[in-house]
Amino acid sequence: MSELAGILPTLLEQTAIMLWIVAVSLVFGGFGGLVIGTGLYVTRRGGILQQPVIWWVLGVLVNTFRPIPFIIFLAAMQPIGRLVVGKGIGTEYAIFAIALAATFGIARIVEQNLVSIPTGVIEAARSTGASPWRIIRTVILPEALGPLVLGYTFAVIAIVDMSAVAGLVGGDGLGNWAITYGYRQFDPLVTWSALLVIVVVVQLIQALGNWLARRIMRR
Amino acid sequence: MAQHIVLDRVSKRFPPAKRGGEEIVAVDDVSLSIDRGEVFGIIGYSGAGKSTLVRLINQLEPVSSGRITIGDVPITELRGRRLREQQTGIGMIFQRFNLLTSRTVAGNVAYPLEVVGVERAERKRRVAELLEFVGLAGRADAYPEQLSGGQQQRVGIARALATNPQVLLADEATSALDPETTVEVLDLLARVNRELGVTIVVITHEMEVITRIADRVAVMEAGRVVEVGTTYDVFTRPSTPVAKRFVQTVVRALPQGDELEQLRAKHEGRLFTISFTDEGASEARVFSALAKAGIDFNLVHGGVDDIQGRVYGLLTIAVRGDADAIAWALQRVGAGVRVEEQR
């Protein structure tokens, strides 16, 4: 018990860092993914801004980055991180890499959810003389909001997963703490308490996502 | 009446679905003139090209060739912002209603008003007025899925009328509704035409829809308009096989198939069907002429339909007697009516 009390402050601190990494990555990756995913949807054949070349380029971009295992991606993006956030190590760089990886993952999630919108409602909006940009804001995104929330919930949990390997580039967070102080120092209490917190966090995120989606879809 | 919508040699071709496949000609060289303030029906089987045709009128699809003018605006020449400005003056309703599930009834009706930049207070006033007009005043805060099909189509109509359009396009607007609701929605459309003077183009595969509200009708087959005329004329004197088939879907007064067999079994002699229009001889005159000629006949089947307030009757009689006498008598009555023997 006293052992647990001893690690508790660090556990809380590392939990806070993990949540910070997840939140910031979600904001940037979530926005980037929304833009690229919506771009894929509107530029596809039959889309409201049909643009075969842009659609093809976006598709290749997503397909190139998405399948890279994250631990390799994290190592490989260092030069780009130095250009964008000024460094290739530490928590800030980890956030950059996670946000970038999440952008491409979320792009596909967004695209898949938008495809399920009945084309009739878009046609109805077009018949009122609405511009493509207005249709994106007032029809496409609101109509898909419920499924999008579920998709983003799925993405947040993937981001929690990615945040666990931040330690590879010297980033902090629960994952790094569990590996460095739990696994490497043969302290199962650290490993298991980190694991327990992660499980609880994921459960809470999923419950929140389900609740929100249910409210939006009114069922 | 003044021309409102004019289609001049309009075609729409879609690229082949598969590489090396054949181009699809959905609309093939169609010319039509629709008058201001009329209800114009376009009837055809699915795949005849009528839904594509109606999407050319408001330019949801660009034409492949030809020209469409609405009023004095050559809408097929417009692109981008200038086209969208014209589209705000054309309302459209759909078979599946196509309401936004993310918005309430009021939010759906307000949508076109937002597009044209009507301010909030005015929007609210107009939405209330429109919902009152379509008989949904109490349902402003409901969501589409809480409404019946007929109610959802009323919302669709309110939305389509929000910006006071001159033209309303109805694409199979009643095909997803039950017969009773269909009549309600058609009556509402007739009221829109009568009270607001909106020119309505109705696309349908149901002849009942045409006979109930259309002043004139075009019959489409394989992308072409094969017959155009007043609803009464097309109904009482269809000239193409496809128009005849549509007419038969509503005229149950004409005995067919099993019905005809039963009539034959029950009655001696030959069966003749006489068509009465309000322009020809009356039933009384025809029957007295037959009686005077000494023909022994029985009325065995038939009925009288009301098309746009005009009478159309089909009566089948069983006739016994000498072939020459029958031929002579029928020839005499044949001047005012059409007589056809059921063989």
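Chain identifiers are assigned alphabetically (A, B, ...) following the order of the sequence lines, protein sequences preceding nucleic acid strands; residue numbering begins at 1 within each chain. Here the structure is a predicted model, which means the values were calculated and not measured.
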Taking every heavy atom of Val62(A) against every heavy atom of Pro67(A), the minimum-distance pair comes out as O-CD, 4.3 Å
The interface call for Pro142(A) against chain B, heavy-atom contacts under 4.5 Å, is both
If you tally heavy-atom pairs under 4.5 Å between each of Pro118(A), Pro132(A), Gly120(A) and chain B, the highest tally belongs to Gly120(A)
Is it true that atom OH of Tyr143(B) has more than 12 heavy atoms of other residues, nucleotides or ligands lying nearer than 6.0 Å? yes
Establish, yes or no, whether the cationic atom of Arg191(B) lies under 6.0 Å from the six-membered ring centre of Phe133(B) and within 45° of the ring axis. yes
Looking only at Arg159(B), Gln86(B), Gln95(B), Arg55(B), most heavy-atom pairs under 4.5 Å shared with chain A are made by Arg55(B)
Bottom line for Ala144(A): the part with an atom under 4.5 Å from chain B's heavy atoms is neither
| field | Aromatic plane relationship, Phe73(A) with Phe65(A) - under 30° parallel, 30 to 60° tilted, over 60° perpendicular | value | perpendicular
Under 4.5 Å to a heavy atom of chain A? For Leu99(B) that would be backbone
Honestly, the part of Ile90(B) sitting under 4.5 Å from a heavy atom of chain A is backbone
Looking only at Gly91(B), Pro112(B), Ala162(B), Gly156(B), the option with the highest number of non-hydrogen pairs under 4.5 Å against chain A is Pro112(B)
Heavy-atom nearest pair, Gly150(B) first then Val185(B), reads O-CG2, 4.3 Å
TODO: Could you check Arg126(A) against Glu123(A) for salt bridge (Lys or Arg N to Asp or Glu O under 4.0 Å), going step by step and ending with a plain yes or no?
DONE: CA-CA 5 Å; Arg126(A) 285 181 60 216; Glu123(A) 195 176 42; 5.5 Å; no
Under 4.5 Å to a heavy atom of chain A? For Gln59(B) that would be backbone
Bottom line for Arg81(B): the part with an atom under 4.5 Å from chain A's heavy atoms is neither
dist Trp20(A):CH2 -> Thr91(A):OG1 (nearest 0.5 Å) comes out at 11.0 Å
